[in-house]
Amino acid sequence: MAKISVEVGFYKKTCPNVEAIVKETTKHYISTAPTLAAPLLRMHFHDCFVRGCDGSVLLNSTKGNKAEKDAIPNQSLRGFQVIDAAKSALEKECPGIVSCSDILALAARDAVSLINGPTWSVPLGRRDGRVSILSEASKNLPTPFDNFTTLKTTFGALGLNVKDLVVLSGGHTIGMSHCFSFSSRLYNFTGKGDMDPNMDQNYINRLKIKCKPGDVTTIVEMDPGSFKSFDTDYYSMVSKRRGLFASDAALLTDTQTKHYVLSQLNPHGSTFFKDFGESMVKMGQIGILTGRAGEIRKHCGFRN
């Protein structure tokens with residue numbers, strides 16, 4: 001029996017306008033708040049890295065169960081209203097047909113392309129999972145503190161290779177981060193009140209002005225000066241030892257990822273946009289539910 005998988009054009013008979021509707025909705029939000037693009041992309045990542053791309057990150061906690069949404073790495077996620085708005089538009093157009101996990105995969109793609117990033121064809125046909133557990137998100141998501149070996153293991157366990165790792169890290173070209181995600185690099189790298197020697201000293205001094213020790217509220221741009229536009233600037237920051245996270249700096253500690261970082265610096269020779277689309281399609285197929293597995297949720301925050 002052929003393996004049931006996702007495909008581009010999955011809804012062409014059952015809901016032909018699906019892509020137009022999601023794009024229109026995403027555009028409506030991003031035109032007024034361009035900074036929503038990064039959280040929508042991140043939400044798709046965080047969905048796929050826990051139980052596969054099954055929309056589990058969208059489920060709300062219930063009395064008896066704390067959901068992924070409430071895990072510390074997910075507490076800063078935003079943009080759920082975009083997914084909900086697209087879902088309610090689709091429920092009017094073709095009720096009970098399009099999964100929340102597919103909407104999320106499309107919205108992530110549209111968000112990137114709407115801020116001058118690449119676009120790619122999104123294979124569809126995912127179904128929504130019914131399970132969402134806080135502790136799984138805490139355990140399975142990559143962290144900003146990870147070194148190369150840990151990152152390689154985390155990505156590898158999901159079928160993503162070293163190239164996917166360095167390409168998908170490029171998503172950090174957009175978005176903001178809380179000081180606490182990198183402040184140990186500024187103030188207490190090895191527990192002796194020291195700075196991270198792998199970070200540019202001048203950059204550390206600039207970050208210290210914004211982020212005081214113990215600051216848990218301030219947010220800074222991950223790619224200063226161009227955090228609202230999807231481009232190759234992230235790689236140029238990393239190459240100058242100005243990646244914000246330890247996990248960004250880790251890309252210089254491996255020959256393959258370092259070579260990729262440096263190869264993206266020539267704007268004409270850059271393959272980043274094409275590579276990003278390919279790695280996103282690959283990531284979007286982690287652990288998916290198809291056929292009769294899972295369900296098509298009526299509301300993305302609740303099981304049917």
Side-chain angles (χ1 to χ4, degrees), residues 18-49 53 55 57-58 69 73-90 100-122 124 141-142 144 164 166-178 181 218-238 243-245 247-248 264 267 270 272-284 300:
V18 58
E19 298 210 22
I21 290 171
V22 175
K23 185 161 198 173
E24 211 35 61
T25 308
T26 310
K27 190 176 173 181
H28 166 77
Y29 283 92
I30 290 198
S31 59
T32 51
T35 56
L36 270 178
L40 285 168
L41 176 60
R42 188 163 166 247
M43 197 189 294
H44 184 37
F45 269 83
H46 283 213
D47 183 31
C48 293
F49 269 74
C53 316
V57 75
L58 303 169
K69 220 183 225 189
N74 286 335
Q75 286 172 7
S76 55
L77 287 180
R78 346 181 256 118
F80 293 102
Q81 72 277 25
V82 182
I83 307 302
D84 291 340
K87 179 62 176 168
S88 80
L90 285 164
C100 297
S101 41
D102 274 347
I103 295 170
L104 181 48
L106 288 169
R109 185 266 315 263
D110 295 338
V112 166
S113 70
L114 285 162
I115 53 165
N116 306 322
T119 188
W120 56 92
S121 298
V122 178
L124 300 170
L141 288 169
D164 298 315
V166 65
V167 168
L168 294 171
S169 297
H172 288 167
T173 178
I174 50 172
M176 313 284 285
S177 166
H178 283 85
S181 302
T218 306
I219 52 173
V220 299
E221 301 169 10
M222 290 204 270
D223 180 0
S226 93
F227 77 105
K228 284 184 188 169
S229 104
F230 200 96
D231 52 33
T232 55
D233 280 12
Y234 167 78
Y235 294 109
S236 113
M237 293 290 289
V238 170
L244 208 44
F245 305 136
S247 59
D248 296 325
Q264 301 311 308
S270 167
F272 175 50
F273 275 27
K274 177 179 142 308
D275 295 339
F276 192 77
E278 287 170 6
S279 288
M280 285 296 288
V281 168
K282 199 168 161 188
M283 183 194 80
C300 294

When rounded to the nearest 0.5 Å, the distance separating CE of M280 from CH2 of W120 is 4.5 Å

Closest non-hydrogen atom pair, S113 against T119: CB-CB, 3.9 Å

Could you give the distance from CG (L40) to CE (M43), rounded to the nearest 0.5 Å? 5.5 Å

Nearest 0.5 angstrom please: K87 NZ to L58 CG, how far? 10.5 Å

About how many Å separate CD1 of I83 and OG of S101, when rounded to the nearest 0.5 Å? 10.5 Å

Return the minimal non-hydrogen interatomic distance between V122 and E19, and the atom names on each side. O-OE2, 4.5 Å

Shortest non-hydrogen contact from S181 to F245? CB-CE2, 3.7 Å

What closest approach, in Å, do G171 and L41 show between heavy atoms, and which atom pair accounts for it? CA-CD2, 4.2 Å

Nearest heavy-atom contact between A86 and I21 is O-CG2, 4.4 Å

Sub-4.5 Å side-chain heavy-atom contact between D231 and D223: yes

Applying side chain to side chain contact (heavy atoms under 4.5 Å, CB included) to S76 and M176, what does each step give before you reach the verdict? CA-CA 10 Å; S76 55; M176 313 284 285; over 6 Å; no

Check whether any side-chain heavy atom of H46 lies under 4.5 Å from a side-chain heavy atom of L141, and answer yes or no. yes

Could you give me the CA-CA distance, side-chain angles and deciding distance for K274 and E278, then say whether salt bridge (charged side-chain N to carboxylate O under 4.0 Å, His left out) is met? CA-CA 6 Å; K274 177 179 142 308; E278 287 170 6; 3.4 Å; yes

Contact between F230 and N116 at the side-chain level, heavy atoms closer than 4.5 Å - yes or no? no

Side-chain contact, heavy-atom cut-off 4.5 Å: R42 with L77? yes

Given side chains that start at C-beta, do those of T26 and L106 come closer than 4.5 Å, heavy atoms only? no

Would a 4.5 Å heavy-atom cut-off, applied to side chains only, mark H44 and R109 as touching? no

Under 3.5 Å, side chain of S31 to main-chain N/O of H28, donor-acceptor pair present? yes

Would you mind reporting whether V18 and D102 have side-chain heavy atoms less than 4.5 Å apart? no

Shortest non-hydrogen contact from G170 to Y234? CA-CD2, 3.6 Å

Are M283 and D164 close enough, and set up right, to give a side chain to side chain contact (heavy atoms under 4.5 Å, CB included), and what steps lead you there? CA-CA 8 Å; M283 183 194 80; D164 298 315; over 6 Å; no

To the nearest 0.5 Å, what is the distance between NZ (K69) and CG (D47)? 11.5 Å

With under 30° as parallel and over 60° as perpendicular, where do the rings of Y235 and F272 fit, or are they tilted in between? perpendicular

Among L36, I103, I30, V22, which residue satisfies the side chain to side chain contact (heavy atoms under 4.5 Å, CB included) criterion with V82? L36

Tell me whether the count of non-hydrogen atoms from other residues, nucleotides or ligands lying under 6.0 Å of NZ in K228 goes above 12. no

Between CG on residue L114 and NZ on residue K23, distance to nearest 0.5 Å: 5.5 Å

M237 vs P224 side-chain heavy atoms within contact, under 4.5 Å: yes

Decide yes or no on side chain to side chain contact (heavy atoms under 4.5 Å, CB included) for F80 and C300, but give the supporting numbers first. CA-CA 9 Å; F80 293 102; C300 294; over 6 Å; no

